[in-house]
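For reference, the structure is listed below as structure tokens.
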Amino acid sequence: MVDWKMYSEIQRLKNKGLKKTQTARKLDINRETVMKYWDMPPDEYAELVNKHRARKADVYRELIIEWLTEYPDITAAQMYDWCKEHSQLETLDFQKRSFRDYVKSIREEYDIPKPEHQRQYEAVDDPPMGKQGQVDMGEISLMTTSGRHRKIYCFAMVLSNSRYKYVLWQLKPFTTDSFIRAHIKAFAYFGGRPEEIVYDQDKVLAVSENNGDIIYTAGFQNYVNEVKFDVFLCHGSDPESKGRVENVVKYAKHGFAEHRVFDNIDDFNEDCLAWLKRTANRDVHGTTHKRPDEVFALEKEYLIPVSEYSFETADNESISYPIRKDNIVLYKGNRYRVPKGTYSKDKRVYMVVDDDAGTIAITDMITGEVYATHPICHEKGKLIGDKTRNMRDKTTSILEQEETLKKLFDDDSLVGPFLDHIHQEKPRYYRDQLGVIRKLFGEWNKEDIEKGIKYCCERELYSAGELRSTIIYLTQADIERSRNKKQGKSSLPEKYRGDRAEIRDLREYEDAMEMGGVANG
């Protein structure tokens, strides 16, 4: 097949009046070649060129048929990228447009129609360079190497001007902590941040829209305060405001992830970064008709640097971590111990790193109490800290602990018998019971504890656990009575407090009605 230049020369000499033989001699080509293109119009030649170029994809034909058969909804763009990944080439010797026609012909030949999905958007003007980024999340279920399906979750950020993208995958739904970590990685990937970021309403970043006075989650608010970017929160059912990133999530799910066999998250993210470089940020964008990586080379100069201090603060102080039921905190692939008994539902801590000392302090997010300090571990999968299975204080005798505890009370005649009963009923655990009662003074005042002991003694409840439950019950009851009193609610008269209301004789009501009738008359 001749190229466009030769085809043009054939047509030029034809228009000048030369014969076919003269044209062949002039161009030094075969006369049959001249005859083939002599009466061929330009559009027919262009179609022939596309078909010829597409035939170069025949080397991938069997793979393409296999992909189409297994995944009928797969796009030509994704298969084009898979061809590059399969051949380990950055560019192929045929263009994506001709490959699309090639795939179309195979679909028609083997009757493999593509399912159609439609969603409408409204065009939005492009903001200036460095002005805006958009963030969204998505999920997809993939087949794993074990033969089962597993759902994985993605975070996507795109710069609105250049359409330069970043995508991160993880195994669990995003929390506020992992959402912030994804921002940190995205800003590192871009080399800076935009002025404003557009988000959908999501519980990991916003608690309530509050009629415009948006209430963010504590962790996300701390991070925004530290990094200082503007937040634009979309209204519900408003996809146009963040249509760019919605397209990126769709692109990542269906252009990269879909139909892949999932092995592990690290390799998956590594493959995704390669896809971003090879395809997502390299191919000409369908709307801007520009390559995102080339435009990003200019937009990068407009991004705002994010200092190392900001990253460190976000990672150590703005991000809180839960304490697990086995009294450990997961941090950067390791498990750090806190003392047994520290765990409680919804309790969260900060991991404060001291690089100079090489230590990490686990501190309460609200009170600032330091639960434990450990050396920083730079490995993975380690359990850091000494085991604290037995939390009993053995430095003093039981009698000394008992005397120390009694001194905390004003009425020894009240607490003494209570402790004696505990000692009789739970002799093996008496030391532990004393320790639990001693800890109650860190949570409640002395009057509440003494009131609880009196209540327990009256009902023969001799246990530190029963005492704690009693204190909570009595305190809540006091709060409820105080609330009712403030609202002006009066208690029922004594005669109505029984199980049944007082029953009067019917004659009393008849007499009352007769008297009323006389008065009204």
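Worth saying up front: this structure is predicted, and the values here are computed from it rather than measured.
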With heavy-atom distances below 4.5 Å as the criterion, would you say the side chains of [X] and [Y] are in contact?
X	Y	result
L330	R335	yes
L159	K300	no
M351	I362	yes
L168	R181	no
K406	E402	yes
L273	Y166	yes
K439	V436	no
F256	L276	no

Rounded distance [0.5 Å steps], [atom1] in [X] versus [atom2] in [Y]:
X	Y	atom1	atom2	value
D271	F262	CG	CZ	10.5 Å
D136	K250	CG	NZ	13.5 Å
C456	L414	SG	CG	10.0 Å
I449	L440	CD1	CG	5.0 Å
Q433	E466	CD	CD	10.0 Å
T175	Y321	OG1	OH	9.5 Å

Is a donor on one side and an acceptor on the other found under 3.5 Å between the side chain of [X] and the backbone of [Y]?
X	Y	result
Y336	C377	yes
R282	K277	no
N161	P127	yes
Q78	E258	yes
K172	Q170	no
Q134	V245	yes
K290	V295	no
D263	T145	no
E196	K131	no
K380	K332	yes

Take atom [atom1] in [X]; do more than 12 heavy atoms of anything else shown fall under 6.0 Å from it?
X	atom1	answer
E447	CD	yes
K382	NZ	no
R438	CZ	no
K454	NZ	no
Y302	OH	no
E458	CD	yes
E425	CD	yes

Please name the pair of heavy atoms, one in [X] and one in [Y], separated by the smallest distance, quoted to 0.1 Å.
X	Y	value
G452	L474	CA-CD1, 4.1 Å
A297	E301	O-CG, 4.2 Å
L92	S87	CD2-OG, 3.8 Å
I140	K253	CD1-O, 3.5 Å
F187	V227	CE1-CG1, 4.3 Å

Cationic tip of R193 above F190 ring, under 6.0 Å, 45° of axis:
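Checked: cation-pi criterion not met.
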Verify side-chain contact (heavy atoms from CB on, under 4.5 Å) between I384 and Y331, making sure each step is shown before the conclusion.
CA-CA 11 Å; I384 313 301; Y331 178 72; over 6 Å; no
Once you measure the plane-to-plane angle for [X] and [Y], does it fall in the parallel (<30°), tilted (30-60°) or perpendicular (>60°) bin?
X	Y	value
F441	F409	perpendicular
W82	H259	perpendicular
Y473	Y455	tilted
F220	F179	tilted

Pair I472-Q476, side-chain contact (heavy atoms from CB on, under 4.5 Å): steps then yes or no
CA-CA 6 Å; I472 295 173; Q476 290 176 342; 3.8 Å; yes
Strictly under 6.0 Å, is that where the ring centroids of Y343 and Y371 end up?
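For Y343 and Y371, the ring centres are not under 6.0 Å apart.
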Which atom pairs, one a donor and one an acceptor, fall under 3.5 Å between side chains of residues 147-157 and the rest of the protein, sequence neighbours left out?
unit_1: K151; atom_1: NZ; unit_2: E139; atom_2: OE2; d: 3.1

With the threshold set at 4.0 Å, does a side-chain nitrogen-carboxylate oxygen contact exist between R291 and D293?
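Yes, R291 and D293 are salt-bridged.
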As a quick check of understanding, evaluate side-chain contact (heavy atoms from CB on, under 4.5 Å) for K228 and I304, giving each step before the final call.
CA-CA 10 Å; K228 298 180 174 61; I304 301 170; over 6 Å; no
With side-chain contact (heavy atoms from CB on, under 4.5 Å) as the test, would you mind laying out the steps for I422 and I437 before giving the verdict?
CA-CA 11 Å; I422 293 178; I437 297 173; 4.1 Å; yes
